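Have a look at the structure below before the remarks.
Throughout, protein chains are lettered first and strands after them, A, B, ... in sequence-line order, and every chain is numbered starting at 1. As the structure is a computational prediction, the values presented were derived from the model and not from experiment.
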There are 2 protein chains.
Amino acid sequence: MTTERPLRVLLADDEHLIRGALAALLALEEDLVVVAEAASGPEALAMALAHRPDVAVLDLQMPGADGVKVATSLRAELPHCRTMIVTSHGRPGHLKRALAAGVRGFVPKTVSARRLAEIIRTVHAGNRYVDPELAADAISAGDSPLTAREAEVLELAADGAPVAEIAERASLSQGTVRNYLSSAASKIGAENRHTAVRLARERGWV
Amino acid sequence: MTTERPLRVLLADDEHLIRGALAALLALEEDLVVVAEAASGPEALAMALAHRPDVAVLDLQMPGADGVKVATSLRAELPHCRTMIVTSHGRPGHLKRALAAGVRGFVPKTVSARRLAEIIRTVHAGNRYVDPELAADAISAGDSPLTAREAEVLELAADGAPVAEIAERASLSQGTVRNYLSSAASKIGAENRHTAVRLARERGWV
DNA sequence: CACTGCTCATGACAAACGTCATGGGGTGGC
DNA sequence: GCCACCCCATGACGTTTGTCATGAGCAGTG
């Protein structure tokens with residue numbers, strides 16, 4: 001691990017404080033070099049295309065496009081580049097979305113920098129790494145019992161919009177919307193759609 | 001700034017990655033020394049009492065007790081210690097709560113480490129610092145138009161509970177609850193209580 | 001003291017919502 | 001080809017909400 005070509009890393013996080021600090025810590029690792037930094041989704045994509053990193057470390061929540069979206073685009077445009085997600089809130093749903101997008105690493109920000117460096121190497125080697133606790137959460141939350149439309153309608157109900165508005169935005173009749181909301185709520189075990197939205201959010205089903 | 005006694009800093013953030021990285025960056029500043037780190041609210045309090053820092057840099061969201069609660073306790077138990085909050089999401093309400101708790105600095109995590117160090121010095125010198133953008137948000141959100149009971153009832157409605165449950169938990173009649181919710185929603189300009197809850201949250205009125 | 005504003009309540013009405021039964025159309029599996 | 005399951009809709013029903021008018025008790029203010 002001395003004379004080898006260093007592992008090129010892209011760092012994307014909208015929080016300057018964290019991104020800078022992270023870059024500084026990763027720079028301490030001899031075999032890693034941070035070749036680019038980005039503060040938003042689109043910027044991350046542009047930087048990746050310009051600097052062609054081996055591994056892209058993406059924050060989940062960024063302006064423009066979140067980490068998973070960036071990972072999806074990256075997979076298409078820069079297939080050799082491995083992607084991993086670092087996040088503060090480990091919702092089960094995010095993990096699922098990320099894995100579906102071809103992300104190979106998923107870690108909470110509670111890990112240490114040294115550990116993160118190890119995981120970057122693991123991911124670069126072609127292996128996967130998912131934080132055990134997050135994985136356990138995802139398993140215990142189970143798979144979503146909701147159908148595609150139920151989930152969609154529930155999402156439209158998220159900000160407290162009345163049925164009429166949801167119906168219009170989904171191009172459905174009001175009756176249909178109420179049916180979907182009703183079945184979604186009963187599947188989730190909620191008394192009304194508002195608590196249903198909350199619970200579905202917590203379990204990563206929307 | 002060479003022979004002076006260094007400025008003692010406590011760092012509290014539940015995200016190990018960020019806390020460690022931050023400590024490393026602040027260590028680069030000659031006049032600052034991180035004397036303690038904590039990963040939770042209670043731990044932050046204990047560490048502060050043990051190490052008596054000059055400035056406590058607290059994350060807003062931590063397990064156990066959030067940054068503002070810690071600041072409140074700190075103010076009582078360690079009055080000479082200045083407190084400041086660093087946060088990812090700058091909700092106007094948080095800022096108001098923080099200032100009321102005697103916090104002297106309030107910054108988003110989008111600032112650079114160098115800037116943070118400057119602000120730590122500013123706060124230590126007895127001055128206040130509030131991120132201009134967050135301050136503007138707080139001002140534009142204005143003061144809450146809600147009466148005490150309206151806010152209380154709205155809060156009980158936060159998780160989507162039906163009126164009957166709210167009435168029971170508030171020891172009010174259902175009719176009264178509906179009146180409060182109605183007037184609160186109309187004051188806020190929301191169509192129903194659920195959006196009212198959301199908007200009130202965003203503006204820091206609950 | 002009159003006035004204003006908050007608190008709490010009741011009753012009543014319309015609108016919105018949750019639930020159920022029912023049915024047609026589509027897709028995929030066995 | 002049958003069956004299961006999803007998608008979408010309609011109509012009907014009872015319940016929950018939102019809104020309004022009204023009024024009593026109780027501060028605090030000028």
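- Here ring-ring contact (aromatic ring centres under 6.0 Å, His included) pairs that include residues 168-194 of chain B, with residues two or more places apart or in two chains, are A:H194-B:H194.
- Rounded to whole Å, the distance from CD on A:E150 to P on D:dC8 is 11 Å.
- The backbone N or O of B:A39 lies less than 3.5 Å from a partner atom in the side chain of B:E43, making a donor-acceptor pair.
- At whole-Å resolution of the value, CD in A:E191 and P in C:dC17 are 17 Å apart.
- The side-chain contact (heavy atoms from CB on, under 4.5 Å) search around B:A185 returns B:A196, not counting sequence neighbours.
- Distances shown here put a side-chain N or O of A:T147 below 4.0 Å from the OP1 or OP2 atom of D:dC7.
- Distance, A:Y180 OH to D:dC5 P: 16 Å, rounded to whole Å.
- Counting only residues at least two apart or in different chains, ring-ring contact (aromatic ring centres under 6.0 Å, His included) contacts with residues 33-69 of chain B are absent.
- Atom CD of B:E152 and atom P of C:dT7 are 9 Å apart (whole Å).
- For B:S186, the side chain to side chain donor-acceptor pair (under 3.5 Å) test picks out no residue, with sequence neighbours left out.
- Every side-chain contact (heavy atoms from CB on, under 4.5 Å) that A:S112 has, sequence neighbours left out, goes to A:R114, A:R115, B:H16.
- Remark: A:S73 engages A:L45 in a side-chain contact (heavy atoms from CB on, under 4.5 Å) (not counting sequence neighbours).
- In terms of the salt bridge (Lys or Arg N to Asp or Glu O under 4.0 Å) criterion, B:E15 has no residue partners (sequence neighbours excluded).
- Within the 4.0 Å cut-off from OP1 or OP2 of D:dT19, at least one side-chain nitrogen or oxygen of B:S182 is found.
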B/S/- contact track for nucleotides 23-28 of chain D, protein heavy atom under 4.0 Å: ------
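- The salt bridge (Lys or Arg N to Asp or Glu O under 4.0 Å) search around B:R75 returns none, not counting sequence neighbours.
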Any protein N or O atoms within reach of nucleotides 9-16 of chain C? Criterion: under 3.5 Å, listing atom names and distances.
from: C:dA9; atom 1: OP2; to: B:S173; atom 2: N; distance (Å): 2.7
from: C:dA9; atom 1: OP2; to: B:T176; atom 2: OG1; distance (Å): 3.2
from: C:dA9; atom 1: N6; to: B:N179; atom 2: ND2; distance (Å): 3.4
from: C:dT10; atom 1: O4; to: B:N179; atom 2: ND2; distance (Å): 3.0

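- A:K109 and A:D13 are joined by a salt bridge, as a carboxylate oxygen and a charged side-chain nitrogen come within less than 4.0 angstrom of each other.
- From one end of the helix from C:dC1-D:dG30 to C:dC30-D:dG1 to the other, with five pairs defining each end axis, the axis direction shifts by 40° (rounded to 10°).
- Residues meeting the side-chain contact (heavy atoms from CB on, under 4.5 Å) test with B:D66, sequence neighbours left out: B:V68, B:K69, B:R97.
- For the OP1/OP2 pair of C:dC8 and a distance below 4.0 Å, the side-chain nitrogens and oxygens of B:R149 include at least one atom meeting the criterion.
- Backbone-only engagement by B:A148 is indicated by non-hydrogen atom pairs under 4.0 Å involving sugar-phosphate atoms exclusively.
- Spacing between atom CG of A:L146 and atom P of D:dC5 amounts to 16 Å, rounded to whole angstrom units.
- Distance CD (B:E165) to P (D:dT16): 13 Å, rounded to an integer number of Å.
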